[in-house]
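Okay, structure first, notes after.
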Amino acid sequence: MWAFQTPQTIQQPHLPKPFHNPTAISPKPQCCLALRPSTTTRSNGDSNNNNPLIQSLCKQGNLNQALQVLAQEPNPTQHTYELLILSCTRQNSLPQGINLHCHLIHDGSDQDPFLATKLINMYSELDSIDNARKVFDKTRKRTIYIWNALFRALTLAGHGREVLDLYRRMNRLRVPSDRFTYTYVLKACVASEEFVSLLLNGREIHGHILRHGFEGHVHIMTTLLDMYARFGCVLNASRVFDQMPVKNVVSWSAMIACYSKNGKPFEALELFRKMMLENQDLLPNSVTMVSVLQACAALAALEQGKLMHGYILRRGLDSILPVVSALVTVYARCGNLELGHRVFERMEKRDVVSWNSLISSYGIHGFGRKAIQIFKEMIDQGLSPSPISFVSVLGACSHAGLVEEGKVLFESMVRGHKIFPSVEHYACMVDLLGRANRLDEAAKIIDDMRIEPGPKVWGSLLGSCRIHCNVELAERATSRLFELEPTNAGNYVLLADIYAEAKMWNEVKRVKMLLEARGLQKVPGRSCIEIRRKIYSFMSVDEFNPQIEQLHALLLNLSMEMKEKGYVPDTKVVLYDLDPEEKERIVLGHSEKLAVAFGLINSKKGETIRITKNLRLCEDCHSFTKFISKFANREILVRDVNRFHLFQDGVCSCDDYW
DNA sequence: GTAGGGTTAG
C-alpha cells in the first residue's frame, strides 16, 4: 500500500528542558555530567542480551512501564535502546523521549553512532529540532549516517540554509558524501523559510554530483530535477531529465509535475502521452495521475479530465485520496462544480485535503457562504482544519466579499485551532479587506504582521490598490515588490495601470521604461476555449488565426448594436494616451472577447460557452460579456486567474465584485 | 554491522 500522509505532528505544550530538568531524569538524577568512558563496543548489537520484558512492553505500547523497567536494567543493550527510541517516536511522546535520552547519556550509549542516529531521527519526528542538533553536537564520532540524519531533520524543519552551511563544513572536514547526502542537501535548497533563493547552492551541488560520478543515480537525478522544478527552472529540469540514463515512473512523474506546476500544462499532457506510448513497461501511478489531472484543471480541459477519470477507474486508482481530491478539483476548475461535488459525495473515506478541495471549489465559484458551511461541516465531523483549509475558506470569503465572516475565521485560527497564520493567510486577509475597499485596514494588517510580509502579501495589496486606484499605497507596495521580485513584470504593469487611471502619464512612461530597462515583458493576455475536445487559444495580437477577420467583424457589429442598448466601453486599461476611438479598438481586440466571439460562432445555442483566461478579467471585458449574455441569450462561464464568472441574462455571478 | 533517499492532493 501507499503511505501518503505524513503523520500529523501534535504541537507539544511547554516541555521540560532536556538534560537539566531533574523531573525528566527521575530514575537517575544528575546523570548527565557523569559520563562513563566510551561504551560503544559494549553492547555490540547482541540482541540475545536484550531485555525481553522491555521488548514486550514496547510492543504493547506501554512506554511508561518500559522506561521504569529500564531504570532497573543494569546493562541495556543497543537493541533495547533502539526499541525504546522507536517506541517513543511511535507514541509521539517527547517527554519520554527526553527521559530515555538521559538514560543513554548516563551510560554513554549516546555516543554509539547507531543510537545517536536513531535519536536524531526520533527528535526530528517529534518536532524537536533543537534536541536533534544537540545530539549531533555532542556526538564525538560522527558517521555519515549522523550527518545525513541531521541534514534530513533540518530539511524537514525548513532550515535549508543551515543544512548547506553544515554541508560546507562537512566538505571542509573531508567527510565524503554518500548517495543519501546528495538527496538531502538538494532538498535543503528548496526547504528554506527565507525569501532568498538557494538556487545557486543547488547548482553547485549539481556540480559535485557530476564530479563524484553520481549522474547515473536515478534517486539523486530525480531529486535534482525536482529541485530545478521547484525553482521554476523548467529548462534545467528537462535537461536533467533528458540526460538521465535510467528513468523510472518517479522520474517521469517528477517531470510531468514540473510542467504542471510551472504553467506548462500542454507539455505535461504531452509528456504523459509520450510516457504511455514509448514505455509500455512503465505504468503511471497515482502520483503521476495527480499531476496529469492538475494539467487538465489548468487547461479547463473537461473532456480530457473525463478521459483521465476513466483511466483512473480502470486502473483502480479511484480509492486513493489524493487522486480523488484532484478529481474534485478538476471538475470544479473545469466549471462543473456539481460533478466535483458528486465525486466528493461518493468518497468512502475523506481526509482534510478532500474537504479543502471542496471548500476552495465553492470559493472560486463565488459561493462564499456555502464554502463556510462546508468548512464548519468538516469540523463537525471531527476533522481538524489544516492551514490550507483556512487559505481555502478565507479565499472564499474574499471572492464573495464576506469581510466580517473572514475576520472571525482569521481570529479563530490561533485561538480555536492553534494554527499560526502564514504569509498566505495574511495575503488572504489583505485581499479580503483590500477588495472591500478597506485599504487602510489591509495596510494595518501588514504593519502588525509578526512574520516578514512576502511578495504574496504586498502583491495582494497592490491588486487591491489597482481595483480602488490608490496611488500612494500602490507605491508603497511596489517599492517592496521591486526589491523582492524584481523580475515579475506583473507588478510593474499593475503600477502603470494605476498611474494610467490617475492620468499620471509621465509616471506611466517611467514605469514602462523601467520595465524595458530590466528586459522584462508583460505577460500577454490569453484566453482559451474547449470546443469538441479541442482547445483553441486566443491572444489579442494574433495574425495567424485564420478566423481573426471574421471575429473582429463580429465583435465590431456586436459592439455597435450593444452601444445602442447602453453598453459603454471602458478603456481605462489602455496604457497609452491615445484618442478614444483607438482605445476602443484596442479593448475590443482583447483575447477574451475573441474567445467569446469564437464560442458564439462555433457552438450550439443553449450550450454554455466556457472560457479560461490567464489574467484577471478587465472591466471592459466583464461588462461586455454581461451585455452579450443577455443580447445573444447565451450562458458564458469564464474562469479568470482567480475565480469563475457565470454570465447569464446580463448579470455576473460575481456581482461585479472581483 | 545495523539505519536512510526521489514524484503527489488544497
[X] side chain near [N] phosphate (N/O to OP1/OP2, under 4.0 Å):
X        : N      : result
A:Lys187 : B:dT7  : yes
A:Gln294 : B:dA9  : yes
A:Gln78  : B:dG1  : no
A:Lys261 : B:dA9  : yes
A:Ser325 : B:dG10 : no

Next item on the list: Measure from the ring centre of A:Phe180 to the centre of the six-membered ring in the base of B:dG5, then say whether that distance is under 5.5 Å and the planes meet at under 30°.
Entry: no

Next item on the list: Check the geometry between A:Tyr145 and B:dA3 and answer yes if their rings are stacked (centres below 5.5 Å, planes below 30°), otherwise no.
Entry: yes

Note to self: Under 4.0 Å between a side-chain nitrogen and a carboxylate oxygen: does that hold for A:Arg90 and A:Glu125?
What the structure shows: no

Notebook entry, point to check: Quick one: do A:Glu345 and A:Arg342 make a salt bridge, cutoff under 4.0 Å?
Noted result: no

Checklist line | Between A:Tyr81 and A:His103, a side-chain donor and acceptor under 3.5 Å | finding: no

Check: Would you say the side-chain atoms of A:Tyr167 and A:His208 include a donor-acceptor pair closer than 3.5 Å?
Finding: yes

Throw together a table of side-chain donor-acceptor distances under 3.5 angstrom for residues 390-400 of chain A, partners on residues two or more places apart or in other chains.
from     : atom 1 : to       : atom 2 : distance (Å)
A:Ser392 : OG     : A:Ile388 : O      : 2.9
A:Ser398 : OG     : A:Asp431 : OD2    : 2.4

Checklist line | Test side chain to side chain contact (heavy atoms under 4.5 Å, CB included) applied to A:Ser251 - qualifying residues, sequence neighbours left out | finding: A:Val218, A:Thr222, A:Phe241, A:Met244, A:Lys247, A:Asn248

Margin query: Heavy atoms only, 4.0 Å cut-off, all strands: where does A:Asn248 land among base, sugar-phosphate and nothing?
Written below: base

Next item on the list: Assign A:Thr117 to base, sugar-phosphate, or nothing according to its heavy-atom contacts below 4.0 angstrom with the strands shown.
Entry: base

Checklist line | Contacting residues from residues 206-222 of chain A, given that a heavy atom lies under 4.0 angstrom of DNA chain B | finding: A:His217, A:Val218, A:His219, A:Ile220, A:Thr222

Notebook entry, point to check: Between residues 227-235 of chain A and DNA chain B, which residues have a heavy-atom gap below 4.0 Å?
Noted result: A:Arg230

Note to self: Just the rounded figure in Å: distance from C1' of B:dA3 to CZ of A:Phe114.
What the structure shows: 5 Å

Notebook entry, point to check: In whole Å, what is the span from the CZ atom of A:Arg142 to the P atom of B:dG4?
Noted result: 21 Å

Looking only at side-chain atoms of [X], point me to the closest of [options].
X        : options              : result
A:Ser253 : B:dA3, B:dA9, B:dT7  : B:dT7
A:Val250 : B:dG5, B:dG6, B:dA9  : B:dG6
A:Ser392 : B:dT2, B:dG4, B:dG10 : B:dG10

Notebook entry, point to check: For residues 307-323 of chain A, which residue pairs qualify under side chain to side chain donor-acceptor pair (under 3.5 Å), counting only residues two or more places apart or in two chains?
Noted result: A:His309-A:Tyr331, A:Tyr311-A:Arg315

Check: Can you find a donor-acceptor N/O pair under 3.5 angstrom joining the side chain of A:Ser354 to the base of B:dG10?
Finding: no

Next item on the list: Any pair with a residue in residues 349-370 of chain A that passes ring pair (Phe, Tyr, Trp, His ring centres under 6.0 Å), sequence neighbours left out, goes on the list, sorted by first then second residue, please.
Entry: A:His341-A:Tyr362, A:Phe344-A:Trp355, A:His365-A:Phe644

Item checked: Main-chain N/O of A:Asn642 paired to A:Asp640 side chain as donor or acceptor, under 3.5 Å -> yes

